[in-house]
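I have placed the structure first, in the form of C-alpha cells, so that the comments after it can refer back to it.
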Amino acid sequence: MARILITSALPYINGIKHLGNLVGSQLPADLYARYMRARGHEVMFICATDEHGTPAELAAAKTGEPVDVYCARMHEVQADLARGFRLSFDHYGRSSSPRNHRLTQHFAGRLAENGFIEEVTEQQVYSVADGRFLPDRYIEGTCPNCGYDRARGDQCENCTKQLDPTDLINPRSAISGSTDLEVRETKHLYLKQRALKDEIDAWIDRQTDWPVLTTSIAKKWLHDGDGLQDRGITRDLHWGVPVKKGDQDWPGMEGKVFYVWFDAPIEYIAATAEWADANGKTDADWERWWRTDKGAADVRYVQFMGKDNVPFHTLSFPATIMGSREPWKLVDYIKSFNYLNYDGGQFSTSQGRGVFMDMALSILPPDYWRWWLLSHAPESSDSEFTWENFQASVNKDLADVLGNFVSRITKFCRSKFGETVPAGGSPGAREAALVAELAGRIRAYDGFMQAMEVRKAANELRAIWVIGNEYLQEAAPWTTFKTDPDAAAAQVRTGLAMIRLFAILSRPFIPDAAAEMMRAMHSDDWSWPEDVQGCLNALQPGQPFEVPDNLFRKIADEEREDWQKRFSGIRA
RNA sequence: GGCUAGGUAGCUCAGCAGGUUAGAGCACGUGACUCAUAAUCACGGGGUCGGGGGUUCGAGUCCCCCCCUCGCCA
C-alpha cells in the first residue's frame, strides 16, 4: 500500500467555473484519487478556493459585500458544486484560512533568512479616491500611440502597444473612474528566483517521465530570453495575507499583503493542516504528508492543473520550497492539461460563453458530465466540446452500451427466474474465455489509470462494458433457456455478476451509477477484482437483486438544440 | 515577432526506438438476434496521414522550407 498526495489547482474565488476549468484539474484529480483509494492506497486529496487579490476585491465591491463575506459565500457555492460533481476531496480549504496566513508568513520568513528575498522600492500609481494603489491593468486612459480612449495601463487593446501607466493621456482609475491619481513610491519584496535557477533547472531535468507539456513550459521560462526572473511577491492591498517575517513584523512593509501567486500554492499544505483541524487530528497527522523528516519521505505527490498554471507549479512554488531550506515535500509528478474549447471557440468566464458548473448540473446529473469530460480530456492537445458530440457519447456509451446492458440482463432474469440469482448449471468454455478477455482488458485499464492516461482508460472501460454485451449476444440465454434452463441460469448468473464487476471498475468515472448498480445487486463489496474468475462467482444462487430503473436516459435532439441556444449567448 | 503544442477517415481522437495491405469509437451501409432504453452483436464502405523538398532499401513516423489552427510570451 502506497501513500499518495493529490492536489488539484485551486479555483479562483470570483465566480463559478466552467467545464473547461473542471476538466483541466479537479475532475481528473478526482478520478485518480478515487482509483487509488479503490486499489487500497492511502490517499490525501486536497483542493481549496484561491481567495486573495484584486479581482476578488472588485467582485465583492460589485455585490456590495465586504470581501471576506463575499469569499465565504462564494466558497460555499463552489464547495456545493464540487459536491454536486462528486469531487471526493478529503478537504476543500480556503487560501484565506488562518493556517495559510501563518504558513505563508513562515515561508517568507525562511526565505528572507536564507537570503532569497530582496526589498525593492518602485513607483506606482495611487488612486486617492479609491484609497489604494492600482495595478497597471486597472488604470485606463487614452493611448498615446493610437488615440484609443480605453487603453489599459499595461497594454492598449486597440493597437496592442505595450504601455506604462504613466504613458496614458488623461489616466483614470478603472475601478472608480477617478482622475485623482498620483505616482507614489512603494516598497515591495521580490523572491530571488534567479538565485535558485540552477537548482530548479537541475530538478526539472531529473523529471524525465513528466508530460512534455509540463517540462517544455518549465524549460521555456527557465531559458527563454534572460531566463528565470525574480518576482514580486507583495502588493499594496488590504485583502490578503499580511506581510510578516514568520511571526515578526516586517519593518517597512506595514499595510501590505503577499501576492496571490505566492500564498495560493502554499495553501495546498495549509489546507492539509485545515483538514487535520477539522477532523480532530494533530499536526503530526498532516505533517506526515508534507514533511519528509516527519514521515512524508515515502509519499508520492501528484499535482493536476491546466497548462496556464504550470509555470507557478514548476518554478515559483518549488523555488519557495527549495529556498526555505526545510524538508517540505516537492511534487513528484505534474499532470497538466490543455484547454477544452467550446463549440468552435473558447469557454469564456467574462463573456459567459460555454457551460458552467451550476448550469451543467441543472440539466443533467454529474455522471453524464464526468463521463464525457473525462473520456474527452484535453491531454495531448486542446479538445473541443460540442453538443452533438456530447449527446452522441452519452447516449451511446452510457445509455446504450452500459445502461442497456444492466437493463437487459436484469429484466431477462426477472422474467424467467424471478428477482433472485438463479441456481443451476455451471460455467463452461465460453465463460472461461470471457474471464480471460476481461482480465486482459482490466490489466490494460489498470495500466492507464496508474499512468493517468485518462482518455485511454475511458476507452478501455468502455471496451469492458462492450464485452458484457458481446457475451450475452453469444451466449443468448433467451435461446438456451428453451432447451436447457440450467445452462441459461449459469449464463444469467455470469451476466448479473458482471454488473457488480462493472460497478467496481466504473466507480472512479461514474460514481452515482456505480453505486446504483452495486445496490441493485444487493452487494457492498467494492474490493478490486484482482481475481476476475472469483468476482464472477461472487453472486450466490438464491440471493435477491433488483431491476434498477434505467441507469441513464437519452438526450433528445430537441433538448440538445435548446441547450445549444441557451449556452451560446451571454450568461445572466 | 519569439516560443510551445498541434494539423491522420464526415466527427472526436490513437498510432510515430522509421518496416508487411494506416487504427479505434461515433456516424453511414448490410446482415444476425429479439433478452433489453427502436437497444445489442457481426461484417463492410470510407483516408494521396496540411503542402513541397530531402535522408533511407523503406517515412504520418527523421531533417529542411512553407501554409494553417491554438496557447504563452514580448
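Just so it is clear, the structure is predicted and the values come from calculations on it, not from any experiment. Labels below follow one simple rule: chain letters A, B, ... track the order of the sequence lines, proteins then strands, and each chain is numbered from 1.
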Provide the Watson-Crick or G-U wobble partner of rC72(B), both distances under 3.5 Å; none if there is no partner.
rG2(B)
Please check if the number of heavy atoms outside R443(A) that lie under 6.0 Å from its CZ is greater than 12.
no
Looking only at the side chain of K396(A) (C-beta and beyond, no hydrogens), which of the listed nucleotides rU34(B), rU37(B), rA27(B) gets closest?
rA27(B)
What nucleotide among rU37(B), rU40(B), rU34(B) has an atom nearest to a side-chain atom of K554(A)?
rU37(B)
When the C1' atoms of rG46(B) and rC26(B) are compared, how many Å lie between them, rounded to an integer?
14 Å
Check every atom of rG25(B), rU40(B), rU34(B) against the side chain of D400(A) and return the nucleotide holding the closest atom.
rU40(B)
Among the candidates rA39(B), rA42(B), rU34(B), find the nucleotide nearest to the side-chain atoms of W478(A).
rU34(B)
Which one is paired to rA24(B), where only Watson-Crick or G-U wobble pairs with both distances under 3.5 angstrom count?
rU12(B)
The side chain of R455(A) lies closest to which of these nucleotides: rA36(B), rC13(B), rC41(B)?
rC13(B)
Report which part of the nucleic acid V406(A) touches: base, sugar-phosphate, or nothing (heavy-atom distance under 4.0 Å, all strands).
nothing
Regarding N389(A), tell me which of base, sugar-phosphate or nothing describes its non-hydrogen contacts under 4.0 Å with the strands shown.
sugar-phosphate
Residue among W371(A), Y35(A), F502(A) satisfying ring-ring contact (aromatic ring centres under 6.0 Å, His included) with F509(A)
W371(A)
Ring-plane angle category for W563(A) and W387(A), please: parallel below 30°, perpendicular beyond 60°, tilted otherwise.
tilted
Of the listed nucleotides rC35(B), rU37(B), rU12(B), the one nearest the side chain of Q473(A):
rC35(B)
Please confirm whether the ring centroid of H52(A) lies under 6.0 Å from the ring centroid of F262(A).
no
I want to check one thing: is the phosphate of rC13(B), taken as OP1 and OP2, less than 4.0 Å away from some side-chain N or O of K456(A)?
no
Check every strand shown and say whether L551(A) touches a base, only sugar-phosphate, or nothing at a heavy-atom separation below 4.0 Å.
base
Sticking with atom C1', work out how far rA9(B) lies from rU37(B), rounded to a whole angstrom.
30 Å
Mapping F412(A) and A392(A) to their closest nucleotides on RNA chain B, which lands nearer the 5' end?
A392(A)
Need the pair for rG47(B). Rule: Watson-Crick or G-U wobble, both distances under 3.5 Å, any strand; none if unpaired.
none
Taking the six-membered ring for Trp and the single ring otherwise, decide whether the centroids of F390(A) and W369(A) are under 6.0 Å apart.
yes
Which nucleotide, in any strand shown, forms a Watson-Crick or G-U wobble pair with rC57(B), with both distances under 3.5 Å?
rG19(B)
Considering Watson-Crick and G-U wobble pairs with both distances under 3.5 Å, what does rA36(B) pair with?
none
